[in-house]
Amino acid sequence: MTKAAASTSVKQLVPKNSDDKNRPNKVPSNQIRSRSTINRLRLYRKKAYQYNKHGKRVSGAGDYTSNIPQPGAGRTAPNRRWFGNSRVIDQQQLEKFRESIQNVRQDPFSVIVKQKKLPLGLVDFDSAGERDGSRLSLLRVEPFEEVFSQKKWRKRPRIGDFCDLKEYSETVKRLRDKYEASLTEKETSIGENSSEMNASGKEDREAVFDRNHALDKGQSKRIWGELFKVIDSSDVLLEVLDARDPLGTRISYVEKYIQRECPHKHIVLLLNKCDLVPSSITKHWIRYLSKEYPTVAFRATIQKSFGKSTLIGLLRQFANLHSDKKSISVGIVGYPNVGKSSIINTLRGKKVVNAAPIPGETKVWQYVTLFRRVYLIDCPGIVHESSAPDDAELVLRGVVRMESLRDEAADYIPLLLDRVKKQHLKKIYGISDWTDANDFLEKTARKTGKLLKGGEPDLNTSAKMILYDYLRGKIPWFIVPPDYHSYHREQPLADKVSLEEETPEDSTKDSAIDTEEEAQNNVSLEEYSSWVIDDE
Ligand SMILES: Nc1nc2c(ncn2[C@@H]2O[C@H](COP(=O)(O)OP(=O)(O)OP(=O)(O)O)[C@@H](O)[C@H]2O)c(=O)[nH]1
């Protein structure tokens, strides 16, 4: 037998069964297994590798004395953990989960722990979709009327009556030409009136340059940069409000931002300077604000503070909640001059950061250790432009330094006169009566000796002095919660009494006050003056 003849006879001996791994990869029909299919099926039949607890392979196909897997020698055992994310729950369960999560979220005194382990994204995704309609709403079932009936609100896209693309592009071209022609027409008519326009444009520009930029305090990019650094580094955010005007000094934008971007961070409202308002009003504000977030009343002075132990207790609770973390950071944010730095000093019981009766004292964020596991972060005062309706409001919220005001200080006095009771001003400045803001300023200037050369009253300096007294707490004033009057009308007497009975022990205010008018009138001026903190 020749060599060639022998090899042919060997080939013919190889079995051509369905498990023949020597088959060619290209097979004439789909019915026949190819070599790769046969190899794959053989692989499945091999025993999977088994590892001991030290990670050493102890059994399985191939050479299990070596720890290096050999290609094709075995397969990895399937593990149910690979499919961990694909758990399925039915609509009822999802609805139940959704309801209970919403209840917890709406309750300011409940906290969702370990949010990352819950499929919150599914709930958020759905509610966001429902809100703005921009995203797919997974759980929402659209009612029949909205989709198909006569009253359906969904609009069909307007594609016009075009038969083909050519007709469509011609119509577009025609409409564009028409639009451009109308633009040219407009420009010509503007050119004719250009002299008029130039004059008014110049006025606008002058108004922009004329604006006192001190009024934009807390709105710069740099300050907002500092705020975002504080938000990023904090687990808990203390939003400090001035107890005299909590809604005016509230920055809803920041609250919404946190709810949207980092809902796992906790927000606490701190009603500071509560020594400057009657305790009944503080209580009403706490009742009003705690519907949304936990709210604590505070007085930030090192010697005679109020609410310190409550706040420290709360921060300790947050630290315990995050027991998996080494420490938690508490960012202190709020309007300029609401007392953020003073709160840090009060909590530490000594001066650790600079506090001053002027807005913008804190320039950059700073870290302070409160306890081993709790850090405080002081943030510069911020103002959100949409929350600042007009300049007078800004000035009366204490955002602007008095020395930065130019000759416009007197413009803010009418709003001040609206807020403060006449009797307090009469007592403080020793004047009997006045007809309007100008008359009031004139009389105060004469009484306090603020005169220009020639004996004319210096209205601007007098206005600045009054504004300063107003902001520092020498002049008593406060704003009541929006539901103050309705609450008083609706609540039975017993409830009202119990509310008043909860007066804190160290409060010096008269608590049996029923109406705003009474509350404003009942405050003794001497008491107020003695509470003003001498921090110079
Ligand atoms: N009456 C009273 N005054 C307070 C209280 N807390 C702070 N102040 C005064 O408010 C002024 C401003 O306090 P700061 O702590 O400097 O305020 P801030 O929020 O840090 O100010 P910025 O540096 O502008 O951010 C100071 O004169 C404080 O003495 C308080 O509880 N009651």
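Whatever order the structure lists ligands and atoms in, that order sets their numbers, starting from 1.
- The N/O atoms of Arg299, backbone and side chain alike, include none that comes under 3.5 Å of an N/O atom in ligand 1.
- At a 3.5 angstrom cut-off on N or O pairs, Val338 counts as close to ligand 1.
- Some N or O of Lys340 is nearer than 3.5 Å to an N or O of ligand 1, by distance alone.
- Classified by interplanar angle (parallel below 30°, tilted 30° to 60°, perpendicular above 60°), the ring pair Tyr470/Trp477 is parallel.
- Close approach to Leu276 involves these atoms of ligand 1, each under 4.0 Å from a residue heavy atom: 1 (N).
- Under 4.0 angstrom from ligand 1, there are no non-hydrogen atoms of Asp378.
- Listed by number with element, the atoms of ligand 1 under 4.0 Å from a non-hydrogen atom of Pro336 are 24 (O).
- Residue-level proximity to ligand 1 for Val240 is absent, since no heavy atom of it falls below 4.0 angstrom.
- Using a 3.5 Å distance cut-off with no hydrogens or angles, the side chains of Tyr367 and Ser329 do pair a donor with an acceptor.
- Using a distance-only test at 3.5 Å, with no hydrogens or angles considered, a donor-acceptor pair links the side chain of Ser100 to the main chain of Phe97.
- Remark: the backbone N or O of Asp378 is not paired with any side-chain donor or acceptor of Gln366 at under 3.5 angstrom.
- Formation of a donor-acceptor pair under 3.5 Å by the Thr249 side chain with backbone atoms of Asp242 is found in this model.
- Of the candidates Asp235, Ile328, Thr369, Thr369 is the only one forming a side-chain contact (heavy atoms from CB on, under 4.5 Å) with Tyr375.
- Ligand 1 has no N or O atom lying under 3.5 Å from any N or O atom of Pro380, backbone or side chain.
- Ring orientation note: the planes of Phe228 and Trp224 are tilted relative to one another, at an angle of 30° to 60°.
- Under a 4.0 Å criterion applied to the non-hydrogen atoms of Gly381, ligand 1 contributes the atoms 25 (O).
- With Glu239 contributing its side chain and Ile251 its backbone, the two residues share a donor-acceptor pair below 3.5 Å.
- Remark: ligand 1 atoms within the under-4.0 Å shell around heavy atoms of Ser342 are 6 (N), 7 (C), 13 (O), 14 (P), 15 (O), 28 (C).
- Close contacts of ligand 1 with Asp275, meaning ligand atoms under 4.0 Å from a residue heavy atom, involve 1 (N), 2 (C), 30 (C), 31 (O), 32 (N).
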